[in-house]
Amino acid sequence: MTEFIETLNDLEKERYQKVLRLRERGVNPYPPRAKRTHTIAEARESFEKGEDPGIITLVGRMTANRWTGKITFADIRDGSGRIQLFLRQNNLGDETYKNFLKDYDLGDFVQATGTLFQTKTGELTLQVAELELLAKAIAPMPEKYHGLTDKETRYRQRYLDLMVNEDVRAVFRTRQRIVTAMRAYLDRKGFIEVETPALQPLYGGALAKPFVTYHNELERNLYLRIADELYLKRLLVGMYERVYEISKDFRNEGVDATHLPEFTMMECYQAFGDLSDMMQVVEDIFVECAQAALGTLQITYGEHQVDLTPPFARVAMRDAILEKTGIDIYVDDSFEKLQARIAERELSVEPQLSWGKLVEKLFGAYVEPTLIAPTFIIDFPTDISPFAKKKPGDARVTERFEIYVAGGEYGNAFTELNDPEDQWQRFMEQQSNRARGDVEAQQMDDDYVQALKHGMPPTGGLGMGIDRLTMLLTNQHSIRDVVLYPQLRN
RNA sequence: GGGCCGCUAGCUCAAUCGGCAGAGCAACAGCCUUUUAAGCUGCAGGUUCAGGGUUCGAUUCCCUGGCGGCUCACCA
């Protein structure tokens with residue numbers, strides 16, 4: 001039988017001896033409760049207002065220690081901030097003070113009771129009359145000056161990253177403010193938050209490869225959702241007018257600075273709305289979230305200064321591509337013609353399966369990186385937009401937009417396709433794409449077509465990537481830095 | 001998936017044209033009653049990612065693998 005102590009490294013063993021010593025003295029190194037009277041921020045605020053809060057009890061993790069013989073200055077931090085403790089042998093008593101020096105370490109959670117004062121350098125400090133251990137740290141904290149910088153350790157042991165890197169904690173607090181602001185906006189606009197299946201018998205609503213799992217009792221494969229879209233739109237058939245969901249979606253694809261296998265998406269649908277209503281929602285959400293996160297619409301993302309003040313520009317995909325490449329996709333409006341034109345110009349576009357996919361590639365390579373100011377790109381090819389209504393008078397493209405900022409995409413919206421026959425035909429086309437090797441093609445969803453046969457009102461729908469939006473508003477350039485526990489290899 | 005770079009003490013980093021692996025912080029033993037990355041004295045701490053190869057000798061050079069980062073391609 002392995003003893004716990006055998007699992008510890010030398011530094012941890014050293015500290016574990018302190019746990020044993022504390023217990024011998026009758027001190028519980030892990031007492032069940034704290035008796036905090038103020039957070040550190042509350043104590044500071046109270047003092048700064050000129051009130052003397054008197055005898056208070058603060059708690060926190062000890063993160064620095066400066067001892068000078070019979071006095072010690074120690075820093076503690078709680079979730080609200082940092083404060084300095086002043087510990088003096090005369091005040092605490094010889095025994096307590098010596099035990100403090102001997103058995104307390106950086107990283108320990110402590111509880112200190114005393115009164116606030118300012119040192120001669122003016123720093124607000126708690127003069128400690130009573131000190132108790134709240135939780136003994138056996139493992140040492142990362143180095144106090146450089147902190148923790150190794151990315152692998154930061155992601156694998158996020159608690160250490162959060163413990164010592166306050167800016168990282170700030171990013172995740174901002175992320176939550178963004179989500180809260182988005183939710184508050186949608187709630188205010190009458191959207192009802194709903195929950196739809198993460199395990200789906202058919203996957204759909206986006207073009208992506210799924211994760212497959214198996215249900216033993218049902219004896220069938222299930223897919224982790226790649227999107228919520230088709231379930232949410234069924235709710236509009238069921239007479240809800242405005243619904244939304246903020247959820248994890250799962251896509252079995254590459255991992256890089258902007259992609260993880262699970263990510264967070266907001267999707268909302270508005271009956272009797274259309275593409276222009278969704279543009280309004282996007283503009284509002286950018287404003288509300290930027291204000292919540294930063295308090296301003298003037299943001300910095302890497303080298304870019306971006307003004308998020310609406311209205312955002314609207315540019316047809318055809319015009320954007322024409323401007324950047326000289327190719328008019330409405331002239332070269334078939335797969336063969338466009339492919340020939342791309343070859344003739346020696347543009348670097350990977351082989352594709354359709355006109356729409358070629359258009360998308362051209363756009364991604366030559367236009368997307370140039371879209372710095374917020375821009376709605378409209379009129380997407382129909383064959384890459386199987387759930388969007390065709391543009392009246394031009395079946396080649398759909399009533400769809402994507403919103404681009406700082407060279408990246410942040411949302412995707414349609415006037416939703418509600419004609420069951422057209423939707424059925426789109427599914428059939430996707431089936432033939434699948435037969436030609438398009439592994440991301442949609443599966444036929446008979447029940448969804450059945451739902452449309454019962455009538456879905458004209459609808460505007462929108463999806464926005466929460467991780468991407470958080471990256472933009474926190475000036476982070478890797479999705480791993482806005483996701484608490486990003487997937488890594490084992 | 002391709003290319004490039006990296007992996008050394010708990011943390012942050014050195015070093016070696018291939019020759020005893022060493023600093024700071026943290027720890028440990030001390031000194032020090034107003035410190036701010038406190039200071040000072042002393043002491044300890046290593047499977048140099050793993051395995052193989054070349055060599056008298058490999059942390060260093062080579063190969064394979066693992067993990068991470070960046071980047072290109074694809075997807076949000």
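Worth knowing before you read on, the calculation uses all heavy atoms, side chains too, and leaves out hydrogens, waters and symmetry mates. Below, read A as the first sequence line, B as the second, and so on, with proteins coming before strands; counting in each chain starts at 1.
Rounded to whole angstrom, the span from the CG atom of A:L162 across to the P atom of B:rC11 amounts to 17 Å. Whole-Å rounding puts the A:M163 CE to B:rG10 P distance at 17 Å. Note: CG (A:L8) to P (B:rA9) measures 19 Å, nearest angstrom. For A:L101 and B:rA29, the CG to P distance is 11 Å, given to the nearest whole Å. One atom, CE of A:M62, and another, C1' of B:rA27, lie 13 Å apart when rounded to the nearest Å. When the P atom of B:rC11 is taken as reference, atom NZ of A:K151 falls 18 Å away, rounded to whole Å. One atom, CD of A:E368, and another, C1' of B:rC72, lie 15 Å apart when rounded to the nearest Å. Here the P atom of nucleotide B:rA76 and the CZ atom of A:F211 are 15 Å apart, to the nearest Å.
The phosphate of B:rG68 has OP1 or OP2 within less than 4.0 Å of a side-chain N or O from A:R156. Look at A:T63 and you won't find any side-chain N or O under 4.0 angstrom from OP1 or OP2 of B:rA37. OP1 or OP2 of B:rG69 lies within a sub-4.0 Å distance of a side-chain N or O belonging to A:R480. Look at A:K248 and you won't find any side-chain N or O under 4.0 angstrom from OP1 or OP2 of B:rA76. The phosphate of B:rU33 has neither OP1 nor OP2 within less than 4.0 Å of any side-chain N or O from A:T68.
For the pair A:R234 and A:Y231, the distance from NZ or CZ to the six-membered ring centre is under 6.0 Å and the angle to the ring normal is within 45 degrees.
Looking at the side chain of A:P140, the nearest of the listed nucleotides B:rC28, B:rG10, B:rU35 is B:rG10. When the nucleotides B:rU36, B:rA76, B:rG10 are ranked by their closest atom to the side chain of A:I479, B:rA76 comes out on top. Distance from the side chain of A:L11 is smallest for B:rA27 among the nucleotides B:rU34, B:rA27, B:rU33. Proximity note for A:D150 (side chain, C-beta onward) versus B:rA37, B:rU35, B:rU12: the nearest is B:rU12. For A:L106, the listed nucleotide lying nearest its side chain is B:rA27; candidates were B:rU35, B:rA27, B:rU34. Comparing atom distances between the A:K18 side chain and each of B:rU36, B:rC28, B:rA27 picks out B:rC28 as nearest. When the nucleotides B:rG68, B:rU34, B:rC75 are ranked by their closest atom to the side chain of A:T119, B:rU34 comes out on top. Among the nucleotides B:rC32, B:rC75, B:rG24, the one closest to the side chain of A:E143 is B:rG24. For A:R468, counting side-chain heavy atoms from C-beta on, the closest listed nucleotide (B:rU36, B:rA76, B:rA26) is B:rA76. Residue A:E409 has its side chain nearest to B:rA76 when only B:rA76, B:rU36, B:rU34 are considered.
With P as the reference atom, B:rG69 and B:rC13 are 16 Å apart, rounded to whole Å. Taking atom C1' in both B:rG2 and B:rG46, one finds a spacing of 36 Å when rounded to whole Å. Comparing B:rU35 with B:rC40, their C1' atoms sit 15 Å apart, to the nearest whole Å. Remark: the separation of the C1' atoms in B:rC25 and B:rA9 is 12 Å, to the nearest Å. Going from the C1' atom of B:rU60 to that of B:rA15 covers 10 Å, rounded to whole Å. Taking the P atoms as reference points, B:rA58 lies 12 Å from B:rU48, given to the whole Å. For the P atoms, the distance from B:rC61 to B:rC7 is 10 Å, rounded to whole Å. Spacing of C1' atoms, B:rU59 relative to B:rG22, comes out at 13 Å, to the nearest Å.
In this structure, A:R82 pairs ionically with A:E123, as a charged nitrogen and a carboxylate oxygen lie closer than 4.0 Å.
Annotation: side chain of A:K233 is in contact with side chain of A:F387 (closest heavy-atom distance under 4.5 Å).
The base of B:rC75 sits within donor-acceptor range of the side chain of A:H259, with an N or O pair under 3.5 Å. Under 3.5 Å, the side chain of A:D256 and the base of B:rU71 form no donor-acceptor pair of N or O atoms. Residue-to-nucleotide contacts include a donor-acceptor pair under 3.5 Å from the side chain of A:T121 to the base of B:rU36. Not a single donor-acceptor contact under 3.5 angstrom links the side-chain atoms of A:E123 to the base of B:rU35.
A distance of 4.5 Å separates OG1 in A:T415 from CG in A:L275, rounded to the nearest 0.5 Å. We find the CD-NZ distance between A:E368 and A:K361 to be 9.5 Å, quoted to the nearest 0.5 Å.
Ring stacking holds between A:F263 and B:rA76, with the centres under 5.5 Å apart and the planes within 30 degrees of each other.
Among the protein residues, A:Y155 comes within range of the sugar-phosphate backbone only, with heavy atoms under 4.0 Å from sugar or phosphate atoms but none that close to a base.
A search for ring-ring contact (aromatic ring centres under 6.0 Å, His included) contacts involving A:Y203 returns A:Y223, not counting sequence neighbours.
Each of A:A64 and A:Q84 has a nearest nucleotide on RNA chain B; the 5'-most of these lies closest to A:Q84.
Crowding of A:I55 atom CD1: a count of heavy atoms from other residues, nucleotides or ligands under 6.0 Å not exceeding 12.
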